[in-house]
Amino acid sequence: MIEGLLPELDVIRKDFPILERTLADGRPLVYLDSANTSQKPQVVIDTMVDHLERHNANISRAMHLLGAESTEAFENGRDRVASFIGAPSREEVIFTKNASEALNLVANTLAWKGPHQLGEGDEVVITEMEHHSNIVPWQLVTERTGATLRWFGLTDEGELDLSDIDDLLTERTKVVALTWVSNMLGTINPIAEITRRAHQVGALVVVDASQAVPQLPVDLQSFDEESRPDFLAFTGHKVVGPTGVGVLWGRREALESLPPFLGGGEMIETVRMESSTYAPIPHRFEAGTPPIVEVVGLGAAVDYLDHVGMEAIHRHEQAITGYALEGLAGVPGLTVLGPLDPTRRGGAVSFELAGVHPHDVATVLDTRGLAVRAGHHCARPAHARFGVQSSVRMSSYLYTTPAEIDALVEGLHFTRDYFKVS
Amino acid sequence: MIEGLLPELDVIRKDFPILERTLADGRPLVYLDSANTSQKPQVVIDTMVDHLERHNANISRAMHLLGAESTEAFENGRDRVASFIGAPSREEVIFTKNASEALNLVANTLAWKGPHQLGEGDEVVITEMEHHSNIVPWQLVTERTGATLRWFGLTDEGELDLSDIDDLLTERTKVVALTWVSNMLGTINPIAEITRRAHQVGALVVVDASQAVPQLPVDLQSFDEESRPDFLAFTGHKVVGPTGVGVLWGRREALESLPPFLGGGEMIETVRMESSTYAPIPHRFEAGTPPIVEVVGLGAAVDYLDHVGMEAIHRHEQAITGYALEGLAGVPGLTVLGPLDPTRRGGAVSFELAGVHPHDVATVLDTRGLAVRAGHHCARPAHARFGVQSSVRMSSYLYTTPAEIDALVEGLHFTRDYFKVS
Amino acid sequence: MSAELDSLYQEIILDHYKNPHHAGLRDPFGAEVHHVNPTCGDELTLRVQVTDGTVADVSYDAEGCSISQASASVMSDLVIGRSVEEAMEIHHTFLTLMQGKGQVEPDEDVLEDGIAFAGVAKFPARVKCALLSWMAWKDATARAQEDSHV
Amino acid sequence: MSAELDSLYQEIILDHYKNPHHAGLRDPFGAEVHHVNPTCGDELTLRVQVTDGTVADVSYDAEGCSISQASASVMSDLVIGRSVEEAMEIHHTFLTLMQGKGQVEPDEDVLEDGIAFAGVAKFPARVKCALLSWMAWKDATARAQEDSHV
Ligand SMILES: Cc1ncc(COP(=O)(O)O)c(C=O)c1O
Ligand SMILES: Cc1ncc(COP(=O)(O)O)c(C=O)c1O
């Protein structure tokens, strides 16, 4: 018996209709691509259907019963999300279309007049293990404002190289943006410690929590003020919610200090042709009709995770990841990229298999019903750092079983045989 | 018999589950707020459910069967939308989160280096009847770049006042942004003619088609080149599709001339820490995980509209609007804002009822099961133009019946009685 | 249906709507605010004068529906002459009533004519209307106090 | 399952993968392009020399999977020595095969070793791999021709 697995794994699996799907040859689906997107439990789908079939209306603007119901369902989603991440205030929760938009919202608005406007001489610090969505926005804004982009490198073990932190974080540093959990290496970064250091030099801290919120119990209120990030971004589709919705949490004063991002309906107070005034947060950053049914679905999703319990989910991930790392270690020619200690990493495990290109590994596994990802997983610089162009990634979630890991390991042995690797 | 109604209206109504809902007192729902958001047919809901229960995976990046199915479903949505609006090329169809983001995409990127970058001395021309989502983005970009915002005024009949077009459109004009159909006045603007004039002075033309695409047969290919707009925006939730998805169509060269908007996964070609290169359109403007299930739903939505036939839907809207205008004319003290000829307007009818505030009208109607909108409908400047602060708006769609209009008119008589207006 | 409506549009509300108390902007005032209900565009300019910790005067200029106008009238009646502390407590009681979805029993001793708004709580779309003037008053009072502390 | 795999990884493909033809960048060339499969990061630098309307040479440097590497090798074999027009037609035939979801019968007379890719069409995720070199070739050829017309 593997310790730490969710006790009622069978029951949980029944909640996810797609897991019952069988593929060609009657093979069951083995979905090991949850870091890419998670599967959805029935309750999320049903909640969305009920909304569309019975309560659909636009929100806030609508004065009628359906409008009131829809508004309540939407704002209830905000309450649910706020409580899920322990946000100090529900108004600090902004809905975006995905994590990428949330990160761009911050980067993009820092180009414009305001207390934190970037300019020549200012520096933005990121890391070499970021997802492209936490690299490109900072490249764009630094290029456009004349600020300088700098970054933390990585150790050979796949951790942040903090040895030059004193050189990187200076009074020129205006923003530090980094991921909490790497989607490629699985590394968990010391967010609180880095935030504290960044705050000492007066920088804003933006945390990409796209891989953290699905896996770790996140409680913003448990951070002391100095080590609590200023912004935190994640995405609905990785927390068993739908696509089309992401979240930007921001400390109230930090959010209020940003100039408007997208302009339009819902984000205004009064519009005159000559000029406009803007609504308070959160609406100030939610221009246009928001992703209503998606927020309703996201509310049901985080409720579902809460119900299973994030502590339990985290233990399950660690148990499965530990079991996977053991199994993978038995495959000749296989090298894992990133930390090897399952208690100090997330559930995404990237690896190379000597003699077989990652694409070919993925295709062979796919014909056996195993869904993994091959490529650079939107983290090309981290791949370049380790001298590889691409890798295979398996990633588990609360519905993953040890038997599925066995199937993966078996599939990798088969792959080696098929390509006659010796 | 009213001419032009959809022949199988009963059958169509059965496609929309929410229309079977009864409210307090067993009253049926009379939904007259479709310009705000449309209701969804069963086929759209079912298509989304099927996707979530059987094919859910991230797109493009995924190498496995589910990933391939999901990618195909998503890209099929792009084909469907492209054909629905007669786009010259499918790659010119960009998915955003709503119409507001689509409009902001264009406005926001014009602030940055590129052939169309705005600056001092440049002018952007909009109109006084725009939705806030086609005003605020242009206020923001002109303020931020030093360009000047100008606008067409309105005639007393609620049409664009084109008398000063020669003064407004000059070689300083870099962008003309206007709505095709007004969401408040119902006015249909002469898009082709204005585009032709704007192109003569070298301006880009951005059309807000949020109210046009749901109601009018739109065929971009049928425009000759000079009078075809450069950009066209609309939103999924008003064309019987889900929230969380909007569309920006752009002429290929116009899109290619815009610098990147949001940065991140999917929109890149190669990422290095120092700098990145970007994917070709459409992906260049689709950063992060797109609204996958929403695009799948939108594909089903436009298929549904195509199946009923946009010509037939347009005739139906005209018939219902004509019938409504007649009915409203019989209510003492009622003044319609906007054109009175149903063949020259869209289906949104805004009005005032002397002696009763629009909110109070809406509430009384709501207790009778009638859903209308009260307020400024995100078009405050157009209200100011007519010296009113707010109005009541009824808006119909393909499922609206003459009996529902009768119920509205009856409800308005009741409202007058209730408030003892003489 | 008419009963439901009558629970919203109580006579007291319609009376205040037709004859609003304390309407029209007046001097002297310690702070003036302008609040908008962005949903519908209702606008309210409101002045507050605080003297020795007491709400000495409230005056306003409002464009809006019956509920928001009547609420401004009732609110002014309730707070003028009270200590800021007492007035804030009434504000709190009114807020609780409005957010109670019709489940909260209004306290006539505290709310006086304000109890007529109990029915509004059952119309979520109208709660904002009833609260507009209260929110403006709270905002203005806070500012007036800040200024007097400077 | 193995049968399905075998239809993808035909001997011809694995042979080309292990011993790619025309690999390595060569002079002279009229145009050089760098194409990327953004999904997976596969990269290809490709040169084309067009002389008197004929594809005189194609050379490349590729990092990628078996399918993309083998495809570059087969593609070079097919187009080198042909007129640009003929080569474009072969390109078109190959494209049709790839987009045919496994329903298109490959024409051995036109595609020669390229018929081995018929199985790829059944793996939508791999179609891009097979097309990478063809797209690069088409792009480079267009540029080479543009330049020669200047
Ligand atoms: C004319 C017009 N433009 C823009 C919009 C904005 O659409 P969305 O709220 O979906 O961004 C709307 C609808 O609200 C509209 O009616
Ligand atoms: C670490 C990380 N950051 C950002 C993102 C971007 O999320 P989205 O694609 O939903 O915007 C992802 C997922 O793709 C991720 O894993």
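Protein chains get the first letters and strands the later ones, always in sequence-line order, with residue 1 at the start of each.
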For the backbone of B:Gly288 and the side chain of A:Ser133, can you confirm whether one donor and one acceptor N or O come within less than 3.5 Å of each other? no

Please flag which part of A:Glu69 lies under 4.5 Å from any non-hydrogen atom of chain B: side chain, backbone, both or neither. side chain

Report which part of A:Leu365 has an atom under 4.5 Å of a heavy atom belonging to chain B: side chain, backbone, both, or neither. neither

Can you tell me if B:Asn104 uses its side chain to pair, donor with acceptor, with the backbone of A:Leu262 under 3.5 Å? no

Would you check if the side chain of A:Thr243 reaches a backbone N or O of B:Ile292 as a donor-acceptor pair within less than 3.5 Å? yes

Parallel, tilted or perpendicular: ring planes of A:Phe261 versus B:Phe261, cut at 30 and 60 degrees: parallel

Is A:Asn36 reaching over with its side chain to a backbone N or O of B:Asn58, donor-acceptor style, under 3.5 angstrom? no

Can you tell which part of A:Thr148 gets under 4.5 Å to a heavy atom of chain B, answering side chain, backbone, both or neither? neither

Does any heavy atom of chain B fall under 4.5 Å from the side chain of A:Leu65, the backbone, both, or neither of them? both

Taking atom CD of A:Glu53 and atom CD1 of B:Ile18, what is their separation to the nearest 0.5 Å? 9.0 Å

Between A:Thr142 and chain B, with a heavy-atom cut-off of 4.5 Å, which part of the residue counts as in contact: side chain, backbone, both or neither? neither

Greatest number of heavy atom pairs closer than 4.5 Å to chain A - which of B:His376, B:Glu130, B:Glu274: B:Glu274

Using a strict cut-off of less than 4.0 Å between a Lys/Arg side-chain nitrogen and an Asp/Glu carboxylate oxygen, indicate whether B:Arg272 and A:Glu128 qualify as a salt bridge. no

Among A:Leu52, A:Val141, A:Leu19, which residue forms the greatest number of heavy-atom pairs with chain B at distances under 4.5 Å? A:Leu52

Residue A:Leu23 versus chain B: region with a heavy atom under 4.5 Å: side chain

